[in-house]
Amino acid sequence: MGRHGHENMGLITKAPRGTLDKLPGEASKCRAIENNALEIAAVYGYKEIRTPVFEHTALFKRGVGDTTDIVQKEMYTFDDKKGRSLTLKPEGTASTARAAIENGLFNEALPLKLCYVTNCYRYEAPQSGRYREFSQFGAEVYGADTPLCDAELIALAYDLFTELGIPDNAYTIEINSIGCPECRVKYQDSLRRYYSEFEDKLCRDCMERLERNPMRLIDCKNPSCGEFKENAPLILDYNCDKCAEFFNGFKSGLDLLSIPYTVNSKIVRGLDYYTNTVFEFVLKSNGLVFGAGGRYNGLIEELGGNAAPASGFALGIERLVAVIGEGAGFPLPKKPDIYIAALGEKAAAFALKLTRDLRCACIWAECDIVGRSVKAQMRFADKIGARFSMVIGENELETGKAVLKDMATKDSREVGLVLEQILGGIYQ
Ligand code: HAM
């Protein structure tokens, strides 16, 4: 047996199916989105929270719901060495709620606003925009049971999209109300009545959904079940007066903030914890849902906390990268401010020190660390797109002066080899 035993060498250089390497260009786009999201969330009063990448499986079964696709088919669940069942988080809401309950965050001033950027894991069939590892920016509010709270959440997302250069007319904010548990019982009954007519034509999953959780029928991605959706009863028709009033308040809140929306009563969401408000951000050009959320007033109690209303949303970062890619685009990647080439050992040592001093002054400076000739160093400076360059040799060390050259315009000027003068040359 060779050094590599029976390992399949082909797999070693291949990322697992449904995962993405975010190479520097892509990673900087994700970083730009995340930074913008966290900054805007901060002025809306959200504090960042980080929760573990895995949780007890029971949290998601209880939180996301036993009959959802996520829990039934898509979770990465494993036993640890002590036989505990753990699951890589498929979403951020349940973990955030768990952490808030466990750490007594509900004892702080309410409403409590938490936000996060987290990796999520779902064993889904990979396709464009759908990955097995992806990341979400999420925002969750606890302790506010008003339509204005939900409108404010949408405003946060809307302002972020605007900041990211996504124009209003590129996407729709689709909203719906799935009512309270009482509205839901009536709606589920009517769905059962409606679908029982086609029972033998439904896919196997839907047959089971009809029994256990008929609202999931509206979500079925199977094309053969799609035709029955057309005439299915709509949840908005089953909202009680109180829920209808709440939905009207939500719409008025959006009007007040001049945020455009479309009512779509077919949105039921694939997670079980929602009550009243639900919404999705949908790209017009291809129907991609790049973010979604809603109110979930029952979850905190369901997870063992004292009853507290809650509402939130999450955006798919990879999907946002794709959305922005079609629009205004991202800021250009940064390039080094200056390359300091050196001739000889003494000058190399001087260049290394000077480069570090410049970096401490927040200038992106580069020098040779691979032992290249001056000519090769300059070729490299050109390749990496350095804005300025400077060559230091015996002569420069002796006189304490060197020539600072603008690589694009070829303008050059002599500067003293001290930090202030080099900075002056760069900023002039
Ligand atoms: P979700 O609709 O399951 O909701 O996911 C939110 C967003 O995450 C989606 O709109 C999409 O952009 C992204 N996403 C989901 N699955 C994938 C995937 N396989 N590949 C790439 N992106 C994906 C939730 O997760 C809720 N926790 C949202 C929420 C927060 N509700 C209340 N608070």
Side-chain angles (χ1 to χ4, degrees), residues 16-20 22 30 33 37 41 46 49 51 55 59-60 63-65 68-71 73-76 88-98 100 112-142 144 149-150 152-154 156-157 160-161 166 171-176 178 216 219 221 267-283 286-300 303 309-324:
R17 199 164 141 73
T19 65
L20 273 180
K22 293 183 180 121
C30 294
I33 293 172
Y46 290 79
I49 184 166
T51 56
E55 297 270 5
L59 171 67
F60 303 115
V64 173
T68 58
D69 275 4
I70 294 182
V71 168
K73 304 186 200 159
E74 297 170 3
M75 295 208 300
Y76 279 90
L88 300 184
K89 64 177 144 177
E91 55 106 51
T93 306
S95 301
T96 307
R98 195 266 311 139
L112 170 70
K113 297 177 175 179
L114 298 174
C115 66
Y116 51 83
V117 173
T118 185
N119 277 1
C120 298
Y121 301 84
R122 296 184 193 176
Y123 192 80
E124 293 193 84
Q127 48 176 261
S128 145
R130 200 194 289 159
Y131 308 103
R132 291 182 173 169
E133 182 188 63
F134 60 97
S135 49
Q136 287 185 341
F137 162 77
E140 317 283 358
V141 193
Y142 307 99
C149 164
D150 297 350
E152 192 196 71
L153 267 167
I154 301 267
L156 163 58
L160 173 61
F161 301 151
I166 308 171
Y171 68 99
T172 45
I173 300 175
E174 304 200 354
I175 63 169
N176 191 18
I178 60 165
R216 295 276 81 81
D219 254 359
K221 292 165 192 126
I267 296 178
V268 290
R269 310 282 300 123
L271 303 94
D272 271 354
Y273 45 61
Y274 292 107
T275 53
N276 294 97
T277 313
V278 287
F279 51 84
E280 290 183 348
F281 304 109
V282 187
L283 191 65
N286 60 5
L288 181 79
V289 179
F290 57 95
R295 177 159 286 281
Y296 50 98
N297 285 349
L299 182 69
I300 306 301
L303 296 180
S311 196
F313 69 82
L315 309 175
I317 309 266
E318 293 76 8
R319 293 191 186 177
L320 268 176
V321 168
V323 169
I324 297 169

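Because the structure is a prediction, the values reported are computed rather than measured. When reading the values below, keep in mind they use all heavy atoms of this one structure, side chains included, and skip hydrogens, waters and symmetry mates. Both ligands and their constituent atoms are indexed starting at 1 by order of listing.
- Atoms CG and SG, from L156 and C115 in turn, are 8.5 Å apart once rounded to the nearest 0.5 Å.
- Looking at atom 20 (N) of ligand 1, its nearest protein heavy atom turns out to be Y131 N, 2.9 Å.
- Annotation for ligand 1: atoms under 4.0 Å from non-hydrogen atoms of E124 are 16 (N), 18 (C), 19 (N).
- Close contacts between ligand 1 and F290 involve ligand atoms 10 (O), 12 (O) [criterion: under 4.0 Å to a heavy atom].
- Of the protein's non-hydrogen atoms, G129 O, 3.3 Å is the one closest to atom 21 (C) of ligand 1.
- Distance check, rounded to the nearest 0.5 Å: CD1 of I267 to OG1 of T277 gives 11.5 Å.
- At a heavy-atom cutoff of 4.0 Å, ligand 1 is contacted by no atom of I70, backbone or side chain.
- Atom OH of residue Y76 and atom CZ of residue R132 lie 5.0 Å apart, to the nearest 0.5 angstrom.
- For the side-chain contact (heavy atoms from CB on, under 4.5 Å) criterion with T275, the lone passing option out of I178, L299, N297 is N297.
- Here the side chain of K89 pairs no donor or acceptor atom with the backbone of T118 at under 3.5 angstrom.
- Ranking protein heavy atoms by distance to atom 25 (O) of ligand 1, first place goes to Q136 NE2, 3.0 Å.
- Each of the atoms 26 (C), 27 (N), 31 (N) of ligand 1 lies under 4.0 Å from some heavy atom of Y273.
- Once rounded to the nearest 0.5 Å, the distance linking CD of E318 with CD1 of I33 reads 9.0 Å.
- The closest non-hydrogen atom to atom 3 (O) of ligand 1, taken over R130, R122, R295, R319, comes from R122.
- Contact between P90 and I70 at its shortest, heavy atoms only, is CB-CG2, 3.6 Å.
- Judged purely by distance below 3.5 Å, without hydrogens or angles, the side chains of E74 and Y123 never pair a donor atom with an acceptor atom.
- Protein heavy atom nearest atom 13 (C) of ligand 1, with residue, atom name and distance: G316 CA, 3.7 Å.
- Looking from atom 14 (N) of ligand 1 to the surrounding protein, the closest heavy atom is F134 CE1, 3.4 Å.
- Of the protein's heavy atoms, R269 NH2, 3.4 Å lies nearest to atom 1 (P) of ligand 1.
- E91 OE1, 2.6 Å is the protein heavy atom nearest to atom 27 (N) of ligand 1.
- No hydrogens or angles considered: a donor-acceptor pair under 3.5 Å links the side chains of S95 and E55.
- Aromatic rings of Y46 and F137 (six-membered ring for Trp) have centroids beyond the 6.0 Å cut-off, not under it.
- Proximity to T93 (heavy-atom distance under 4.0 Å) selects the following atoms of ligand 1: 26 (C), 27 (N), 29 (C), 30 (C), 31 (N), 32 (C), 33 (N).
- In this structure, G291 is part of the shell of residues with a heavy atom less than 4.0 angstrom from ligand 1.
- The residue among F313, Y274, Y296 with a heavy atom at the shortest distance from atom 31 (N) of ligand 1 is Y274.
- Numbered from 1 in the order shown, with element, the atoms of ligand 1 that lie under 4.0 Å from a heavy atom of V289 read 10 (O), 11 (C), 12 (O).
- With hydrogens and angles left out, the side-chain atoms of T93 and Y273 include a donor and acceptor closer than 3.5 Å.
- Of all the atoms in ligand 1, the ones that sit under 4.0 Å from a non-hydrogen atom of G312 are 30 (C), 31 (N), 32 (C), 33 (N).
- The L271 neighbourhood of ligand 1 comprises atoms 3 (O), 4 (O), with distances under 4.0 Å to a heavy atom of that residue.
- Using a 4.0 Å cut-off between charged side-chain N and carboxylate O, E280 and R269 make a salt bridge.
- Residue, atom and distance of the protein heavy atom nearest to atom 33 (N) of ligand 1 are E140 OE1, 2.8 Å.
- Atoms of ligand 1 lying under 4.0 Å from any heavy atom of A314, numbered from 1 in the order shown and given with element: 6 (C), 7 (C), 28 (C), 29 (C), 30 (C).
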